[in-house]
There are 2 protein chains.
Amino acid sequence: MPTGAQALLRTLVDAGVTVCFTNPGTSEMHFVAALDSVPEMRAVLALFEGVATGAADGYARMTGRPAATLLHLGPGLGNGLANLHNARRARVPVVNIVGDHATYHVQYDAQLQSDIETVARNVSPGWVRTSTSAEALPTDLAEAVAAASGPPGQVATLIVPADLSWAEGVQPAVPVAPATPPLADGAAIEAARSALLGKKSALLLGGSALHGPALRAAGRIAAATGATLFAEVFPRRIERGAGVPPVERIAYFAELASVQLAGLKHLVLVDAPAPVSFFAYPGKKSYLVPEGCMIHRLTTDGQDVAGTLEALAEVVVTRETARAAPKSKQPVSIPTLPKGRLTAETACRTVAALLPEGAIVSDEANTSGVSFAGASAGAPPHDVLTLTGGAIGQGLPVAVGAAIACPDRPVVALEADGSALYTIQSLWTMARERLDVTVVIFNNRSYGILDVELQRVGAQASGQKAQAQLDLADPPVDFVAVSRGLGVPAVLATTTQELATALRNAFAEPGPHLVEVAVPPVFSGRRLKALPMVLGSLESLPGPLAKALKRRIAP
Amino acid sequence: MPTGAQALLRTLVDAGVTVCFTNPGTSEMHFVAALDSVPEMRAVLALFEGVATGAADGYARMTGRPAATLLHLGPGLGNGLANLHNARRARVPVVNIVGDHATYHVQYDAQLQSDIETVARNVSPGWVRTSTSAEALPTDLAEAVAAASGPPGQVATLIVPADLSWAEGVQPAVPVAPATPPLADGAAIEAARSALLGKKSALLLGGSALHGPALRAAGRIAAATGATLFAEVFPRRIERGAGVPPVERIAYFAELASVQLAGLKHLVLVDAPAPVSFFAYPGKKSYLVPEGCMIHRLTTDGQDVAGTLEALAEVVVTRETARAAPKSKQPVSIPTLPKGRLTAETACRTVAALLPEGAIVSDEANTSGVSFAGASAGAPPHDVLTLTGGAIGQGLPVAVGAAIACPDRPVVALEADGSALYTIQSLWTMARERLDVTVVIFNNRSYGILDVELQRVGAQASGQKAQAQLDLADPPVDFVAVSRGLGVPAVLATTTQELATALRNAFAEPGPHLVEVAVPPVFSGRRLKALPMVLGSLESLPGPLAKALKRRIAP
């Protein structure tokens, strides 16, 4: 006589969803009670829902399959919303199971009652459902898993009234068989081929095109055609390092992005939207595709991205083009360990110098991390997971999920102090699950990016009260204390040597570690004041000068 | 040439909103830049939006006036949603200002773009607006403040596109003059009078009826009529202690509430809904008003609650009834300081014994706090702020807001370990603003309430995996370390004597302090196993026996 909750769990497992990131309450107690009857399901407890949803995101980025989350009514979903936003923007599959009051209890409008569907629509515009009967519950869930899985992936939210969970005699549903995604049609492939054979062409890779066979096919295409390979500004997963086709990420600063894209005649979009500015700024462009550049979309939603790239590679890589092609693999280049003063730049270089092979880097270091990409370009092959939707507080939860997805790979979380504090509870789950995560906190005691943005939006008169809003120095956060308090061993590094030692220890020892790195802000003082001017002038500068400047600012 | 943001701030201040709890991003930078031009506005930075929204709630509960919040697009609002839910349920006024992309940037669907209004509707069903022009912005805001202020209070959300903030030449709006709320009509007052003069009558006070002149009028009414005074289960603010009319709070456990309400013939609702069970449980009642009990609503939304209670008092308190009336004030009764083992019960008694006069108690101690109400009934007068909407993570943020609202009163936050960890970032704002808050963390290393609920929902088979979902012992959280890491001095108390010393020090010294109290779960072992049975039997027990049991379980 399985309960609704047991049928739910069995259906999840049968559909290949074997991890659930949880923060349950009373309305989810039958789901919790059912866990022991479905041994294949791993339930990972989080102290805060944003950890659970971000972990589900990180898990799916690495496995390509959704994890489930278990959330408590509207407020629980609300707490998980920011990281679900990030998952939605990157089309990462996630299945939310949100408990609700029993169907007959709703009429009484008890304290925790709210309109859960309104919240869910923000992150699950394509699939939100409130189950209305115990019989339909497992089928609803099977459909949720199929909808989440895509392609393209999405966040699907199933709202489960408590009485449906405790109903008895409920049978699991048969999983929905995944459809085989089709290739792009021949015309789109031919249009891309013809565009790429022209001069000043580029591929802009996003979504699923930035790792594995898709990326390798893109590398062959670029080599054969001479097209540049760009990556979207915040990819969900980008494979890189020695031996991997090199890809140039579009810069966060729109002014830099304009320099990167200047002069392009053809831009072939592969699972990525046309590049736009992250924010709008007074008097600046939002749409970053240069005038006169033609946009070509290789695939549409639901098509097989990797297969289509391989088909495209087949038509552009001829014997001739292959012979003429430059090397399409990043050469090995490991930075020497820096000595001397610890700055964001020397810290990034130290991490890059010691990066273990196969590492998964969850990068939310923001301003402090700008030089990591350059420093680690030729490091041993690794994956980087980035802030896809711009909702900070993502890096540590994503690291949790990636570590559960890939227990044999080391995970490195590069974290800004400000961002880390939104979901600092992640550390506890890392300790509880003995996850092999090395957290590097760049503590510059400020919202460094806002210092920059305050200037960029042209908000000149920055008085004391305004400045205080960006300042995290009073009181300073002692991340070592916070980390130890949450169960993760931690050390403070104040020199490059101390950082290297701490990283070596962390990488050598299983389980989570945190290293707090005391660094000055990347952009401060004269450098900060000059930045908007420099950035502003980039767009109008001649190519080589602009590129030189670009390298200096965001190497 | 004021900018839109400057006009916004000026309008807020002119409308009496002089505190803004903030966690800004790029789209709010002009608001931040404008802060220095409006010196009357105090901007209080939070590291996480749930702290900002909960603080706005706590501030308004104590002042009766809304504070503003400053949040960053959909994800920022999402992070603040749980505590806005609590404010909505308790009709506490809050004005959310949510920054959005510039109007012309929306078409590009940049990374942080989402449908903010869908999220906002969950907590602001009565007032959500996206400003569409800089000219309309200040007027929109003035209307938001008026809508939030009520009565009844509500959460009003104004979404502000960035280009409206940076527009120039925008004039502030004149505040909307508050309407004088009318008294209830004579028929309602007469119906209540007649109901209260019958036997087995009670007043159920909620919302604004539980402090100040309203509560005192209710006390006179109860004394004159012999009616019982009940409070809703989770009041937003309840004044209590020596000299204050005593009120019996409805119990969280529906089985206990049924015992409290048993035999009632008339229940007069004063700014409170009819009592219902917090959650539904298999085979148990959701609606708690006993059969045969008539419900009378004294006021409707928008009426003057305190004035109506005073009018009612005038008609029931005659010379005769005044003479016959029992005392309507709680006598002084301060518990002696307990000695010996530190348990949740002895810890509550210690806090009650040392509670400073005029304290504001933010109570989110859940299971560990059940005995505080009994222990502190005759303590010096104080206010208690409770978990109005059931969304945990409220206690510390509400303490922040209360401390800013009432800088001359000591604030005591009674916190459960599990609940504290949702919004632990509150500690940093307490340190930054030098708030006089004493945080007592009852660390029982578990989600104690869920241990109870797992049994109450009838989820019997609680295996190892299920039990692990309620367990916070692996790793144990060291709140002293976390607190120090976030800038608040902290100590661990392992005996009643250590707790007394720590509290005395904390109350004597200005600024925030945290005391971690290591306690065993209130309900565990045999006590936990027996609880559902005991609770289940309460409804069918004869009155005196049930009452005796009730006192034993939740004194």
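Just so it is clear: chains get the letters A, B, ... in the order the sequence lines come, proteins before strands, and each one is counted from 1.
- Of the listed residues (B:A90, B:S114, B:A431, B:A102), the one with the most heavy-atom contacts under 4.5 Å to chain A is B:S114.
- Qualifying side-chain hydrogen bond (donor to acceptor under 3.5 Å, both in side chains) partners for A:Q425, counting only residues two or more places apart in sequence or in other chains: none.
- The closest donor-acceptor contact from the side chain of A:N122 to the backbone of B:D115 lies under 3.5 Å.
- Only the backbone of A:V38 comes within less than 4.5 Å of a heavy atom of chain B; no side-chain atom from C-beta onward does.
- Looking at residues two or more places apart in sequence or on another chain, you find a side-chain hydrogen bond (donor to acceptor under 3.5 Å, both in side chains) between A:E40 and A:R10.
- Most heavy-atom pairs under 4.5 Å with chain A, from the set B:F479, B:Y108, B:W166: that is B:W166.
- Put simply, NZ on A:K465 and CG on B:L35 are 5.5 Å apart, with the number rounded to the nearest 0.5 Å.
- Highest contact tally toward chain A, considering only B:L470, B:T3, B:N23, is held by B:N23 [criterion: heavy-atom pairs under 4.5 Å].
- For B:E28, no part lies near chain A; criterion is any non-hydrogen pair under 4.5 Å.
- Looking at A:A162, there are no atoms closer than 4.5 Å to chain B (heavy atoms on both sides), in backbone or side chain.
- Contacts between A:F31 and chain B at a heavy-atom distance below 4.5 Å are absent for every atom of the residue.
- Interatomic distance, CG of A:L81 versus CG of B:N79, reported as 8.0 Å (0.5 Å rounding).
- Residue contact with chain B, scored on non-hydrogen atoms closer than 4.5 Å, involves the backbone of A:A46 exclusively.
- The distance from atom CZ of A:R484 to atom CZ of B:R484, rounded to the nearest 0.5 Å, is 12.5 Å.
- A donor-acceptor pair is defined here as one N or O able to donate and one able to accept, closer than 3.5 Å; no such pair exists between the side chain of A:D163 and the backbone of B:P282.
- Rounding to the nearest 0.5 Å places CG of B:D36 at 9.0 Å from CD of A:Q467.
- With a 4.5 Å cut-off on non-hydrogen atoms, B:R89 touches chain A through its side chain but not through its backbone.
- B:F279 pairs in a ring pair (Phe, Tyr, Trp, His ring centres under 6.0 Å) with only one of the listed residues (A:H101, A:H30, A:H105), which is A:H101.
- One finds the CG atom of A:L486 at 7.0 Å from the CG atom of B:L421 (value rounded to the nearest 0.5 Å).
- Proximity of a side-chain donor or acceptor of A:W428 to a complementary backbone N or O of B:P475 within less than 3.5 Å is detected.
- Side-chain atoms of B:H85 come within 3.5 Å of backbone atoms of A:Q111 as a donor-acceptor pair (strictly under, hydrogens ignored).
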Check: Would B:D109 and A:V276 count as a side chain to side chain contact (heavy atoms under 4.5 Å, CB included) if you check the C-alpha gap in whole Å, the side-chain angles of each, and the deciding distance to 0.1 Å?
Finding: CA-CA 8 Å; B:D109 194 31; A:V276 298; over 6 Å; no
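- The candidate from B:V51, B:V44, B:D471, B:V488 with the greatest count of non-hydrogen atom pairs under 4.5 Å with chain A is B:D471.
- The line from CD of B:Q469 to SG of A:C20 is 7.5 Å long, rounded to the nearest 0.5 Å.
- With chain A as partner, the option from B:V119, B:N86, B:I116 having the largest number of non-hydrogen pairs under 4.5 angstrom is B:V119.
- Proximity to chain A (any heavy atom under 4.5 Å) is shown, for B:D474, by both the backbone and the side chain.
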Notebook entry, point to check: side chain to side chain contact (heavy atoms under 4.5 Å, CB included) between B:T26 and A:Y281: does it pass, once the steps are laid out?
Noted result: CA-CA 10 Å; B:T26 300; A:Y281 301 91; 4.2 Å; yes
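- Contact count versus chain A (heavy atoms, under 4.5 Å) is highest, among B:A468, B:P273, B:A274, B:S37, for B:A468.
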